[in-house]
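Working notes for the structure below.
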2 protein chains.
Amino acid sequence: MISSRRLAEREGITSAQVRKDLSCFGSFGRRGLGYDVANLRVEIREILGLARRWRVAVVGAGNVGAALLAYRGFEKQGFDVVAVFDRDPARIGIRLGTRVVQDVASLPAVAAREQVEIGVIATPPRAAQEVTDLLVAAGVGGILNFAPRKLFVPAHVALRTVDMAMELESLSFALARARPPRDGSPPRERGARSARA
Amino acid sequence: MISSRRLAEREGITSAQVRKDLSCFGSFGRRGLGYDVANLRVEIREILGLARRWRVAVVGAGNVGAALLAYRGFEKQGFDVVAVFDRDPARIGIRLGTRVVQDVASLPAVAAREQVEIGVIATPPRAAQEVTDLLVAAGVGGILNFAPRKLFVPAHVALRTVDMAMELESLSFALARARPPRDGSPPRERGARSARA
DNA sequence: CGCGGTGCGTGAATGTTTTCACAAGCGGGC
DNA sequence: GCCCGCTTGTGAAAACATTCACGCACCGCG
């Protein structure tokens, strides 16, 4: 068993936050005792939609694509990469993880046949929107984008973008105000969220 | 010139939000006209701490490290990778981008000499905390972590973690509630933030 | 030089999230 | 069986964020 207080300490938040968040989805604890760890784990996986497995396609077999395929964490968390695509003939046919890279031209047919539900974009930015449209047309419900580019998707498709440059900029922002440049100008006002892991 | 309304449309937020956010840091627009694009760009770069260049070290010369070095966006945005480290002798000495991979054993000396300000962790998870401690001891002010692991840093060090599995889980969460499984159970209550790009 | 259209900056109002604080449930000791 | 210390679940309060709406500055035009 674990109490909301100990969970909170581990994550650097308050115990009230832990309890309120969990109470959004049900009543998993026992008063006086706390939460059963094994059961809580199952409940949270259910909440996150990890009770089932998801069929994922990766587009782009460059460094980012290779990093994704090398990462065993996906498989373990319930994500199966069922196809990898690239446009470059030099990459088509090579093996990446357990998959062989296919021509992006075959994406519409393969994605439909394999019932891909989530697409990961690891292409150069200029190809990103085009690939997005292919994935959406193939019926994916969610897209994870690693290309540094704003993408447009229909409202029914979930989109998340990870931009490494933006992450660095956020550090730059935190550092710039933590140790202001040289002059003795006063610190600027509010605005920044606290930087937490 | 560009108005807060047009900026808002581009980003999918409200014009009031644009104006309020900018007003946190100063008064950059002109009534009746809007914002001067070139000037606004300079001001925002200043706010984000991008008016100067930052000295970055990358630890881990695997796929993620290679992806980072290949990405020209950093250099353009003001981040100079001044050193790359790895532990694997097979990787030490090879060139990655414009840098030669050095032994992580030399990190303390090199990071101090090169005045590294930001460290990027692209190692396997089990090495991540150890490398973090080395970077902190070498005096970095910020750490960008790509290892799927919770890191501990002193309060004066800014930390950002990018966990690819977590990003996929967030999509899974959105998809699971958008199209609930098979049974006709009622949708659960609130809890999810809207998924925006 | 005055007028009308435009659009910023900002208090006030509204909405959302986080924190507080406490009744009620639970197990253990006696 | 009863008391006590512990911890959840949750309304109420406080803090925080977003949106509204309007005064005022500004430009262009006649």
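Every chain is numbered from 1 and lettered A, B, ... according to where its sequence line falls, protein lines coming before strand lines.
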For [N], does either OP1 or OP2 sit under 4.0 Å from a side-chain N or O belonging to [X]?
X	N	result
B/Y35	D/dC26	no
B/S4	C/dG7	no
A/Q17	C/dT17	no

Pair listing, side-chain hydrogen bond (donor to acceptor under 3.5 Å, both in side chains) test, anchored in residues 123-146 of chain B, at least two apart: B/R87-B/E130, B/Q129-B/D133, B/N145-B/T161
Sort and list the pairs that fulfil side-chain hydrogen bond (donor to acceptor under 3.5 Å, both in side chains) and have at least one residue in residues 108-121 of chain B, not counting sequence neighbours. B/R52-B/E117, B/R55-B/E114
Once you round it to whole Å, what is the distance between [atom2] of [N] and [atom1] of [X]?
X	N	atom1	atom2	result
B/M1	D/dC26	CE	P	12 Å
A/R6	D/dT7	CZ	P	10 Å
A/D36	D/dT8	CG	P	13 Å
A/E11	C/dT18	CD	P	15 Å
A/F28	D/dT10	CZ	P	11 Å
B/D21	D/dC16	CG	C1'	14 Å
B/E9	C/dG7	CD	C1'	14 Å

Just by protein heavy atoms under 4.0 Å, how would nucleotides 20-30 of chain C read 5' to 3' in B, S and -? BB-BBBSS---
Closest approach of B/L50 and A/S172, non-hydrogen atoms and distance? CD2-OG, 3.6 Å
Shortest non-hydrogen pair, A/V56 vs A/V116, comes out as C-CG1, 4.3 Å
Shared ILVMFWY cluster between A/L40 and A/I13, side chains joined below 4.5 angstrom? yes
So does A/A61 get a backbone contact from the side chain of A/D86, meaning a donor-acceptor N/O pair under 3.5 Å? yes
